[in-house]
Structure formats: structure tokens, C-alpha cells
Amino acid sequence: VNSGLIRLRPTFAQISLANLRHNIEILRALSAAPFFCPMVKANAYGHGDIEVTRVLRDCGVTHVGVALIEEGIRLRQSGDRQGILVFAPFDLARAKVLVEHDLTLVASDFAQLEALSELAPKPSRRPLLHLKFNTGMNRRGFRFTDAKKVREWIDQNPAFDFEGIATHLFQGEDAGRPHQETERQLTRLAEIAGAFDGVKLPANRPLRIHALNSAGLSNLPGHTVGARPGIAVYGAASRSAIEGRPDLKPVMSLKTAIVEFQRAQTGEGVSYGATWKVQRDSLLGILPIGYADGYNRLLSNRSSVLVQGRRAPVVGRVCMDYVMIDLTDIVSEKKQSLSVAEEVVLIGSQGDETILAEELADLVGTVSYEILTGISSRVPREYIG
Ligand SMILES: Cc1ncc(COP(=O)(O)O)c(C=O)c1O
């Protein structure tokens, strides 16, 4: 399966649906909560939201979460008919769009509730509604102290199917340790839930209370608060959470092939600004991938790639469309020639070697989230397994 682009360039992101299924099983088994809502925002963290959501549904996942209304509509237009929580702010016009596409609203301030009061939905089409509370991150959400006031609005607006309350952890890495931020946030969430005791719920379903992101879920196995894992679904993690993380498998590999060779002489420079000086006569491989594909320019002279199961350093500046690698050691030690079309792995495994998205993230001072979501639309996604 290809994402629609004709592949004339040998650069692609390979998405392992088998690893995706594996991760979902692991994560679902970690949670003791009835509510499990993997996040597929930002094109499923770069993995392809429509394809990923299809697999999640096959795995029995009833709810997924997105950040933008546009992302929710895209999933609906792909034929998805199950729960989609949209964590975007809205006004009256946007609320109408959400309802029209049967997307679950997540309200996070009183202006949004006012817009919903004006919406006055038809009794035949009851919009699903969750409420998001700010329990410490200070991004979006009702202040946790406003729970009673929000409850009053819910009681006065029975035209909505009120389903759940949510918060977002800002330091899930400390979950499971006493007197830390996550514990404080979950205590506040429990207090908020208390304010909704006895609230009218659709079809006598229990109130869905959700908070655990990947780090929170990994650190609180068996917890009964609902989970919204994102990065872990894709088999990545923040560096601090890698140790002791569940047995997750990276879903995305980034691959290309050598398209040309250069024999550079001692003393010459490589790429813009000649930031890499050739120390010995060298064999360079030219890779058809660059920062326009999401291979960060800050990786210049820092990262390596895999060729024949060995690491080859990136030399010189990463260009918009090309990267140069030094193959001299691989060719001399293996006493073999490489040919055009030789497979190169930029993220993923080859032989016994692996380059994780976390490794590239560390090199440029960011998180694996930004590496994965940064793989641009110019890179076709190929789905296997
Ligand atoms: C509201 C919300 N829930 C859950 C997540 C998932 O977080 P993570 O990818 O760290 O698991 C995110 C992503 O940042 C989010 O914005």
C-alpha cells in the first residue's frame, strides 16, 4: 500500500502495522480502565492517520483522539464511524461543524459552553461531550476549582450526551512516585469526578475519566483512570521514559538508497559551507533525502545511517534534498564494493544495528515526537504487515 505518491525516489517511511498491533495490545493490557483512546493527531504522529485508525479499529479500539477539527473530518471522510474525540477549541460555527460530522466535542472553557448553549441541538442528534480540566499543566481546560460550576451547566443542558472528563499530564514520567506532579494532578481529577457524582449519563454508561498519556500509562500499570497514549502507540518514548518502558516496538522506519557516489580527495570540503573536511581520500554516498523530508539540518556532521548493517556517518551539511555519508570504512573493512541502490536506513534497524527516533531527537535537542511528526508529506508511507 502506498500513500498515493508514485515512488520514483527510493526514499520512504515504512510503517509496520504488525508492530502497531503489538504496541496496542501491550498498552491496552497495561490499562485497567474501560476508556482507552489512542491519539492519532498530527497524521498519527506522522504514521498516516487513516491507515493507523483502520488498524486500531480492527484491534477493537472504540475511541481515537485528534487535535484538529480538520483531522476528525478527514477520518470521517475516510469512512470511520466510531468515536473520535476532537481536542480543539471551538466557537458556535465550529461546534456546528463538529456536530455535523458526529465528532465528540471536548469543551475546555466557559465561552465554549456558551456556544453550545446557543447550538441547541436537535433531540434526534445528541452531540457527545467530554470536558477537559486544567489540573496543573496550564495549557487548556477549565480550572479544576470550577468543577461544580461546570456540573451545573451539564445539568441545565440535557440535550448533550455528556460522557467524560479529562485532564492532561505534564510530567507523566513521575507517575507512580509519591508526592509528585502526576499524583497531584490525579488527585485533582478525582476531586473533579466527585463533583459529577450522580450526573445524568447516556444509557447509564459510567462516566469516562481519562488522563494517562504514554508516560503515565507506562508508569501506572493497572490504573483505573482512562488512557490516551500517543507516542507509545508508535513505539517511541521520551528519552527519560525509555528505561523500563514496556516492550514496545518502533512502528516507523525511514529508508532510502544510495543514488550516487563521490570520490573526495584529502583536503576537500563536503556540502554547503564545507563544514566537513576530507581527512583521507574518501568514498561518499549521496542519499536522496534532506531537511525538506524532515531529516533535520541540525543532524549535519552529527548523525549516522545504516549501510550493510554498519553505521556510516553523515558528513557535511544536510541539504534540502540530499545527505552525504562517508562509506570509506565500510568499503575498506568489508573489502567489498557498494553499488547504487544499496539500502540505507536512517531510522530503524539493519543487521544488528538500530537507530531510534530518540537517538536523532537527542542529537538535535528535541523529542522523538518532533522527529516523527516532522517526516514530511513528501515522503511516501509504505505499510507492511
Ligand atoms: C490531550 C492529549 N492527550 C494525550 C496525548 C498523548 O501524549 P503522549 O504522546 O505523550 O502519550 C496528547 C499529546 O500530547 C494530548 O495532547
Side-chain angles (χ1 to χ4, degrees), residues 20 23-24 26-28 30-31 33 35-47 49 52-53 56 61 63-72 83-90 103-109 112 129-142 144 163-176 181-182 185-186 189 192 208-221 223 225-242 245-246 248 250-252 356-358 361 366-374:
L20 176 65
N23 295 342
I24 283 294
I26 296 263
L27 294 169
R28 210 166 28 183
L30 274 179
S31 172
F35 190 71
F36 183 75
C37 176
M39 298 301 283
V40 297
K41 60 182 179 163
N43 198 26
Y45 288 45
H47 294 65
D49 51 4
V52 164
T53 300
L56 298 183
V61 167
H63 293 81
V64 295
V66 294
L68 308 190
I69 302 173
E70 290 85 337
E71 293 170 341
I84 301 175
L85 272 68
V86 180
F87 286 85
F90 53 83
L103 297 164
T104 300
L105 300 131
V106 184
S108 57
D109 76 7
Q112 288 164 24
L129 176 65
H130 288 228
L131 301 168
K132 188 158 183 220
F133 283 86
N134 167 23
T135 57
M137 180 161 179
N138 286 318
R139 190 170 63 180
R140 299 184 45 241
F142 297 99
F144 60 95
E163 273 201 323
I165 56 172
T167 195
H168 190 45
L169 304 180
F170 65 94
Q171 210 160 284
E173 292 74 17
D174 71 23
E181 298 297 349
T182 299
Q185 284 192 276
L186 293 179
L189 185 62
I192 294 163
R208 292 165 165 158
I209 303 167
H210 46 109
L212 303 185
N213 57 5
S214 297
L217 181 57
S218 307
N219 291 322
L220 292 171
H223 206 284
V225 161
R228 297 187 312 270
I231 196 75
V233 170
Y234 309 102
S238 58
R239 197 75 189 163
S240 58
I242 282 183
R245 73 175 172 179
L248 301 169
V251 175
M252 185 196 290
L356 296 175
E358 288 86 346
T366 186
V367 287
S368 54
Y369 302 66
E370 190 177 354
I371 300 293
L372 294 174
T373 58

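Keep in mind that the numbers below use all heavy atoms, side chains included, and drop hydrogens, waters and symmetry copies. Both counts, for ligands and for their atoms, begin at 1 and track the order of listing.
- The atoms of ligand 1 that sit less than 4.0 Å from any heavy atom of S214 are 8 (P), 11 (O).
- Within ligand 1, the atoms closer than 4.0 Å to a non-hydrogen atom of R139 are 16 (O), numbered from 1 in the order shown.
- The number of heavy-atom neighbours closer than 6.0 Å to CD of Q171, taken from other residues, nucleotides and ligands shown, is above 12.
- With ligand atoms numbered from 1 in the order given, ligand 1 contributes 8 (P), 9 (O), 11 (O) to contacts under 4.0 Å with heavy atoms of I231.
- Put simply, the side chain of E358 gets close to the backbone of A237: a donor and an acceptor are under 3.5 Å apart.
- For the side chain to side chain contact (heavy atoms under 4.5 Å, CB included) with L220, the lone residue among L212, V225, L169 that qualifies is L212.
- The main-chain N or O of H210 is found under 3.5 Å from a side-chain atom of R228 such that the two form a donor-acceptor pair.
- Under the ring pair (Phe, Tyr, Trp, His ring centres under 6.0 Å) criterion, H47 pairs with Y234, not counting sequence neighbours.
- The shell of residues lying under 4.0 angstrom from ligand 1, judged by heavy atoms, excludes E173.
- Heavy atoms from both the backbone and the side chain of R228 come within less than 4.0 Å of ligand 1.
- The ligand atoms of ligand 1 that sit less than 4.0 angstrom from a heavy atom of Y45 are 6 (C), 7 (O), 8 (P), 9 (O), 13 (C).
- Near N213, meaning under 4.0 Å from any of its heavy atoms, are these atoms of ligand 1: 7 (O), 8 (P), 10 (O), 11 (O).
- Between E163 and R208, at least one side-chain N (NZ, or NE/NH1/NH2) sits under 4.0 Å from a carboxylate O, which counts as a salt bridge.
- Note on ligand 1: P229 sits in its first shell, one or more heavy atoms being nearer than 4.0 Å.
- Those atoms of ligand 1 that come under 4.0 Å of a heavy atom in Y369, given as number and element, are 8 (P), 9 (O), 10 (O).
- In summary, the aromatic rings of H63 and F35 are positioned with their centroids under 6.0 Å apart.
- When all heavy atoms of I231 and Y369 are compared, the pair lying nearest together is CG2-OH, 3.4 Å.
- Below 4.0 Å from some heavy atom of K41 lie the following atoms of ligand 1, by number and element: 12 (C), 13 (C), 14 (O), 15 (C), 16 (O).
- Checked against a 3.5 angstrom limit, the closest N/O atoms of F87 and ligand 1 fall outside it.
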